[in-house]
Amino acid sequence: ELMDENVTRDLKHFKEISKERSQLEPQVELFHRYNKLQSDKEQALEMTNESDPEISELGKEELKAIAIEEEDIIEKLLPHLSHTPTFVEL
């Protein structure tokens, strides 16, 4: 929508769209990274089924690293996906 000529004519609307895009961009990047991790996870799972013990072990190590990064991404994305209030106990 930012490239639409009508949007650029209306500077106020252009600024609003630009601001919204900049606010959403970090979440979009995290989502893309999450999708890439899913592909990486499938490959690592395939490696764990290899008959070569070194490759199988490498796959297991990859799965551990992927799980940690996946959890981190989910923690970062979850507040943006949830519309229910989040309460923090003190």
Side-chain angles (χ1 to χ4, degrees):
E1 192 174 353
L2 286 176
M3 302 310 283
D4 185 346
E5 190 176 303
N6 293 325
V7 172
T8 56
R9 285 185 191 156
D10 182 356
L11 190 57
K12 181 179 178 188
H13 185 62
F14 179 76
K15 286 180 180 180
E16 290 171 359
I17 296 294
S18 295
K19 181 179 179 182
E20 182 179 358
R21 180 171 189 243
S22 69
Q23 290 172 340
L24 292 174
E25 196 164 352
Q27 288 79 33
V28 171
E29 288 177 16
L30 283 171
F31 182 73
H32 287 301
R33 180 64 189 139
Y34 180 82
N35 282 337
K36 171 77 169 86
L37 278 178
Q38 300 314 300
S39 173
D40 294 349
K41 185 192 288 188
E42 287 179 27
Q43 291 176 355
L45 279 170
E46 289 177 16
M47 290 172 65
T48 62
N49 294 324
E50 289 290 325
S51 59
D52 183 334
E54 289 181 21
I55 293 176
S56 180
E57 187 61 34
L58 184 61
K60 291 175 186 176
E61 292 301 317
E62 279 291 314
L63 284 174
K64 289 177 188 176
I66 288 169
I68 291 168
E69 188 171 356
E70 188 177 47
E71 186 177 321
D72 182 54
I73 290 172
I74 290 170
E75 284 180 18
K76 290 176 181 174
L77 281 176
L78 200 56
H80 302 284
L81 299 175
S82 175
H83 294 288
T84 58
T86 304
F87 297 99
V88 178
E89 287 190 38
L90 300 176

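With values rounded to the nearest 0.5 angstrom, L77 atom CG is found 9.5 Å from D72 atom CG. Atoms CE and CG, from M47 and D52 in turn, are 9.5 Å apart once rounded to the nearest 0.5 Å. Distance CD1/I68 to CG/L63: 11.5 Å, rounded to 0.5 Å. If you take CD1 on I55 and OG1 on T48, they are separated by 11.5 Å, rounding to the nearest 0.5 Å.
When all heavy atoms are compared, the tightest approach of S22 to P26 is O-CD, 3.4 Å. Here the closest non-hydrogen pair linking Q27 and Q23 is OE1-O, 2.7 Å.
Inter-residue side-chain proximity for K60 and S56 is flagged as met; some heavy-atom pair is nearer than 4.5 Å.
The side chain to side chain contact (heavy atoms under 4.5 Å, CB included) check on F31 picks up N35, with sequence neighbours excluded. Applying the side chain to side chain contact (heavy atoms under 4.5 Å, CB included) criterion to N49, with sequence neighbours excluded, gives no partner residue. Partners of D40 by side chain to side chain contact (heavy atoms under 4.5 Å, CB included), not counting sequence neighbours, listed by chain and number: R33, K36, L37, Q43, I66.
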Please test K15 against K19 for side chain to side chain contact (heavy atoms under 4.5 Å, CB included), starting from the C-alpha separation and ending with a verdict. CA-CA 6 Å; K15 286 180 180 180; K19 181 179 179 182; over 6 Å; no
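A 6.0 Å sphere centred on CD of E54 holds no more than 12 heavy atoms belonging to other residues, nucleotides or ligands.
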